[in-house]
J.: 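Quick one: the structure is below, and I'll ask about it shortly.
Computed from a predicted model, the values in this text were never measured in an experiment. Each chain gets a letter, A, B and so on, in the order the sequences are listed, and its residues count up from 1.
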Number of protein chains: 2
Amino acid sequence: MSVHDARALPPTLADVAERAGVSRQTVSNAINNPDLLRPETLERVQDAIQVLGYLPNRAARHLRTRASHLIGLRMLPAQEFTANATMDRFVHALVEASREAGYHLLLFSGGPGKEETTAADLVRGYDDLLRSTAVDAFIVTDTYLGNPQTRWLSERRAPFVAFGRPWEDPDATHPWVDVDGAAGVALATGHLIERGHERIAWVGWAESSFIGQDRRAGWERAMAGAGRSIDGLAVGVADTVAAGREASAALLEEVRPSAIVCGSDTLAVGVLHTLADRGLHPGRDVAVVGFDDSQVAQVVPGGLTSVRQPLEQVALELVRALEALLAREPYDAAGTLLVPTLAVRGSSG
Amino acid sequence: MSVHDARALPPTLADVAERAGVSRQTVSNAINNPDLLRPETLERVQDAIQVLGYLPNRAARHLRTRASHLIGLRMLPAQEFTANATMDRFVHALVEASREAGYHLLLFSGGPGKEETTAADLVRGYDDLLRSTAVDAFIVTDTYLGNPQTRWLSERRAPFVAFGRPWEDPDATHPWVDVDGAAGVALATGHLIERGHERIAWVGWAESSFIGQDRRAGWERAMAGAGRSIDGLAVGVADTVAAGREASAALLEEVRPSAIVCGSDTLAVGVLHTLADRGLHPGRDVAVVGFDDSQVAQVVPGGLTSVRQPLEQVALELVRALEALLAREPYDAAGTLLVPTLAVRGSSG
DNA sequence: CTGAAAGCGCTAACAT
DNA sequence: ATGTTAGCGCTTTCAG
């Protein structure tokens with residue numbers, strides 16, 4: 001690979017054609033339909049491509065084929081710490097997954113500013129990219145916020161796939177991939193039951209979010225499956241460290257659970273604080289499990305056992321769905337539900 | 001904003017021109033050189049644009065103007081936790097900053113795989129995007145790895161700006177923005193000195209990285225400025241929690257510092273582990289300061305005081321430099337050094 | 001199997 | 001101040 005001055009214009013099809021002694025379309029065919037060429041010609045063209053370091057001009061190709069090979073992903077402003085970390089891990093996974101499919105990720109941000117957030121503003125970023133034909137499709141991540149994006153994109157018949165179930169709209173027909181939160185929490189709860197815990201409490205979100213309900217359902221299911229009562233063992237609060245701390249303090253006073261399953265690592269960290277306050281040892285005195293396997297779970301003393309979302313797999317499935325969608329191939333499953341794993345660490349014994 | 005079927009082709013210049021009763025060029029001028037139009041005509045054209053929901057086709061514009069308005073950013077695979085979190089915060093900031101300048105971020109990933117990492121592989125992503133004219137410029141973040149990117153891009157005369165000083169090549173002429181790690185650590189150390197600490201130890205990286213040396217220099221400078229000896233108070237280890245834990249345990253045995261400044265939050269977490277092991281209270285018995293203001297620093301019980309990089313400002317400066325570069329405007333300063341702040345929490349008293 | 005012609009949507013350069 | 005012409009680099013007809 002020779003060092004080629006980037007200010008000089010890159011070689012074009014015509015340059016390659018001239019060097020190989022063929023016409024431009026033959027070069028085009030060599031790239032897009034190599035089977036059409038006689039092997040001998042093909043090799044000659046490929047040599048020329050190699051020597052010149054030719055790569056098709058994306059703008060020209062995009063203009064002609066109406067395919068940018070770009071996927072739009074909206075980055076929300078920094079949020080609650082656990083949610084953000086998950087998103088960031090997801091972006092990494094997505095970059096890899098889309099690369100293998102020949103796509104690049106185009107990042108854009110929310111509305112025009114924090115001040116006004118009308119319905120139109122909420123979809124502005126999507127709308128602009130769509131109308132300027134900047135991306136081939138979107139990957140939508142914030143389906144749970146109850147915002148109008150998915151519906152708007154559907155109505156507009158814009159190609160997109162979602163990370164997250166269409167909770168509020170069971171009739172939605174777009175492809176989606178989600179992680180089975182209930183299964184993850186059931187896994188965590190089962191793990192604690194196996195370890196002999198009887199009174200396993202739940203500290204989750206107060207907001208009646210679908211995700212929160214889903215995760216809690218996993219705890220209930222596992223408890224019921226083991227014939228355990230859940231009376232007074234559940235509490236719902238805001239998703240903050242302070243709330244987790246207070247809620248767990250009250251639980252320890254009142255129902256004295258031997259283990260606590262949390263709806264998020266944020267809440268679990270709050271529980272760990274409470275244990276520290278009282279000189280209790282996580283895992284020995286009270287077992288604790290979080291959700292999301294954040295960095296905090298990994299470095300906290302002794303480690304925090306946590307449910308880990310298979311984001312790499314989510315990314316892979318999403319890109320696969322997107323490819324099918326853009327190729328107008330029949331898409332067999334509307335939605336895919338992936339099962340998380342449990343990262344077991346000291347806090348569960 | 002009417003809901004427009006995205007499968008139908010978006011309106012073009014010609015559509016707007018027809019509706020406004022002008023030529024295509026006039027519409028183009030209305031968008032790019034509105035001053036050339038008579039106010040009356042301009043308004044008519046703008047109305048038509050509004051009604052049709054017209055936005056210029058990016059591929060066509062890109063092809064014609066040779067400007068994609070895309071900035072390439074390479075995402076490295078997940079790394080040590082602190083470094084990753086910083087990168088992710090930076091990406092968020094960059095999305096915002098570039099939006100305001102009319103740019104979007106194009107994410108791409110490292111080499112073709114983990115197996116082979118030849119020199120050519122290391123720049124493959126950059127090379128491909130450059131040759132296919134996919135991006136206008138790059139923002140390079142991993143200048144400290146000693147990899148050939150910056151030099152390669154320079155030789156190739158590809159437009160780029162760097163987050164990070166050209167440590168190894170003082171003759172480099174590309175624009176860069178960096179955070180003054182030494183100043184940050186000096187700030188932290190000064191903070192501890194103010195609080196009356198005499199024996200302030202340093203736990204940093206063993207690897208002779210420039211960044212590590214820079215940060216350590218800040219500690220040395222502050223200590224010297226206050227007339228404190230640093231004899232036996234510095235230790236360099238790998239950037240892991242375990243290493244920070246062991247190093248601090250040894251320090252506490254041998255030189256009994258009253259405060260410990262760390263080269264990273266990772267190391268600081270290790271120090272916190274050691275304190276917990278010995279029943280010591282961070283901030284009361286031994287003060288601890290980290291670097292990077294990671295999420296862990298924020299949620300650890302009592303909180304971890306930490307040096308915070310002004311990444312939002314870094315992003316802003318980088319985009320500003322990039323705009324100047326692409327406009328071939330004179331760039332006054334080759335490099336900009338920004339000063340971090342200190343997020344004070346319980347661990348420093 | 002290869003080549004010639006047309007055109008994707010836009011803007012730069014030149015007419016008027 | 002507005003219109004006309006040409007062409008950015010590519011692929012998709014359609015002929016040979």
Side-chain angles (χ1 to χ4, degrees), chain A residues 7-46 48-49 52-70 102 129-136, chain B residues 7-46 48-49 52-70 102 128-134 136:
Chain A
R7 288 172 317 174
L9 295 182
T12 72
L13 262 194
D15 298 327
V16 178
E18 189 183 9
R19 175 157 194 123
V22 296
S23 76
R24 295 179 348 187
Q25 318 41 293
T26 300
V27 179
S28 177
N29 283 336
I31 294 166
N32 302 308
N33 302 82
D35 300 341
L36 294 181
L37 298 208
R38 189 191 314 157
E40 167 197 326
T41 317
L42 181 58
E43 195 184 349
R44 199 149 36 94
V45 174
Q46 283 173 337
I49 289 176
L52 295 176
Y54 171 76
L55 229 49
N57 180 308
R58 293 182 69 131
R61 181 176 261 184
H62 176 185
L63 179 59
R64 184 68 240 226
T65 62
R66 301 181 184 284
S68 63
H69 283 264
L70 252 33
L129 290 175
L130 224 38
R131 291 215 310 255
S132 60
T133 66
V135 300
D136 293 344
Chain B
R7 287 172 317 175
L9 295 182
T12 70
L13 261 195
D15 298 325
V16 178
E18 188 183 10
R19 176 159 192 119
V22 295
S23 76
R24 295 181 342 187
Q25 184 55 36
T26 301
V27 179
S28 176
N29 283 336
I31 293 166
N32 302 309
N33 301 78
D35 299 341
L36 292 181
L37 298 209
R38 189 191 314 158
E40 169 197 324
T41 318
L42 181 58
E43 195 183 346
R44 198 149 38 92
V45 174
Q46 284 173 337
I49 288 177
L52 294 176
Y54 170 77
L55 229 50
N57 180 308
R58 294 182 68 134
R61 181 177 261 186
H62 176 185
L63 179 58
R64 184 68 241 221
T65 63
R66 301 181 183 283
S68 63
H69 283 262
L70 252 33
D128 288 353
L129 290 174
L130 223 39
R131 291 214 309 253
S132 60
T133 67
D136 293 344

J.: Starting at CD of B:Gln25 and ending at P of D:dA6, how long is that distance when rounded to a whole Å?
T.: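 Those two atoms, CD and P, are 14 Å apart.
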J.: Scan residues 15-23 of chain B against DNA chain D and write down, sorted by residue number, each residue with any heavy atom closer than 4.0 Å; if none is found, say none.
T.: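 Of all residues in residues 15-23 of chain B, the ones placing a heavy atom under 4.0 Å from DNA chain D are B:Val22, B:Ser23.
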J.: For B:Asn29 and for A:Val27, find the nucleotide of DNA chain D with the closest heavy atom, then tell me which residue's nucleotide is more 5'.
T.: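 Its nucleotide being nearer the 5' end, the pick is B:Asn29.
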J.: Of the non-hydrogen atoms in A:Pro56 and A:Ile31, which two are nearest, and what is the gap between them?
T.: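 Result for this residue pair: CG-CD1, 4.3 Å.
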J.: Would you please test A:Leu9 and B:Arg66 for side chain to side chain contact (heavy atoms under 4.5 Å, CB included) and show each step?
T.: CA-CA 10 Å; A:Leu9 295 182; B:Arg66 301 181 183 283; 3.6 Å; yes
J.: What contact category does A:Leu13 fall into here, base, sugar-phosphate, or nothing, at under 4.0 angstrom with non-hydrogen atoms?
T.: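 Base, at least one base atom sits under 4.0 Å.
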J.: Under the side chain to side chain contact (heavy atoms under 4.5 Å, CB included) criterion, do B:Leu70 and A:Arg58 qualify, and how do the steps go?
T.: CA-CA 12 Å; B:Leu70 252 33; A:Arg58 293 182 69 131; over 6 Å; no
J.: Compare the minimum distances between each of D:dG3, D:dG9, D:dT2 and the side chain of A:Leu63, then state the nucleotide with the smallest one.
T.: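 My answer, after comparing the listed nucleotides, is D:dG9.
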J.: Test side chain to side chain contact (heavy atoms under 4.5 Å, CB included) on B:Leu37 and B:Gln46; report intermediate values, then the result.
T.: CA-CA 11 Å; B:Leu37 298 209; B:Gln46 284 173 337; over 6 Å; no
J.: With a cut-off of less than 4.0 Å, is there a side-chain N or O of A:Ser28 near OP1 or OP2 of D:dT11?
T.: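 Looking at the OP1 and OP2 atoms of D:dT11, one of them is under 4.0 Å from a side-chain N or O of A:Ser28.
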J.: What are the two closest heavy atoms between B:Asp136 and B:Ser68, and how far apart are they?
T.: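 That would be OD1-N, 2.7 Å.
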J.: State whether the side chain of A:Asn57 and the backbone N or O of A:Ala59 hold a donor-acceptor pair below 3.5 Å, judged by distance alone.
T.: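 Side chain of A:Asn57 to backbone of A:Ala59: a pair is present.
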J.: Between D:dT2, D:dA6, D:dT12, which nucleotide gets closest to the side-chain atoms of A:Arg64?
T.: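 Nearest nucleotide to the side chain: D:dT12.
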J.: Within a reach of under 6.0 Å around CZ of A:Arg44, are more than 12 heavy atoms found that belong to other residues, nucleotides or ligands?
T.: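 Counting other residues, nucleotides and ligands, CZ of A:Arg44 exceeds 12 neighbours.
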J.: Please give me the minimum heavy-atom distance between A:Val27 and A:Leu13, naming the atom from each residue.
T.: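 Closest approach of A:Val27 to A:Leu13: CG1-CD2, 3.1 Å.
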J.: Give the C-alpha distance, both sets of side-chain angles, the deciding distance and a yes or no for side chain to side chain contact (heavy atoms under 4.5 Å, CB included) between A:His62 and A:Thr133.
T.: CA-CA 9 Å; A:His62 176 185; A:Thr133 66; 4.1 Å; yes
J.: Round to the nearest Å and state the distance from A:His62 atom NE2 to D:dG9 atom P.
T.: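 It works out to 17 Å between those atoms.
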J.: By nearest nucleotide on DNA chain D, pick out whichever of B:Thr26 and B:Arg66 is the more 5' one.
T.: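 In this pair, the answer is B:Thr26.
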J.: Between D:dC10, D:dT2, D:dT11, which nucleotide has the shortest distance from any of its atoms to the side chain of A:Ala60?
T.: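 From the listed options, D:dC10 comes nearest.
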J.: Identify each atom pair where a protein N or O and an N or O of nucleotides 14-16 of chain D are less than 3.5 Å apart, giving names and distance.
T.:
none

J.: Using the heavy-atom set of chain B and a strict 4.0 Å cut-off, write down the first and last nucleotide of DNA chain C that makes it in, 5' to 3'.
T.: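 Reading along DNA chain C, I get C:dG9 to C:dA13.
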J.: What integer distance in Å separates A:Leu55:CG from D:dC10:C1'?
T.: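 Distance, rounded to whole Å: 13 Å.
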J.: Give the minimum heavy-atom separation between A:Asp15 and A:Pro10, together with the two atoms involved.
T.: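 Residues A:Asp15 and A:Pro10, closest heavy atoms: OD2-O, 4.4 Å.
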J.: Identify the heavy atoms of A:Leu63 and B:Ala60 that sit nearest to each other, and give their distance.
T.: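 Where A:Leu63 meets B:Ala60 most closely, the heavy atoms are CD1-CB, 3.8 Å.
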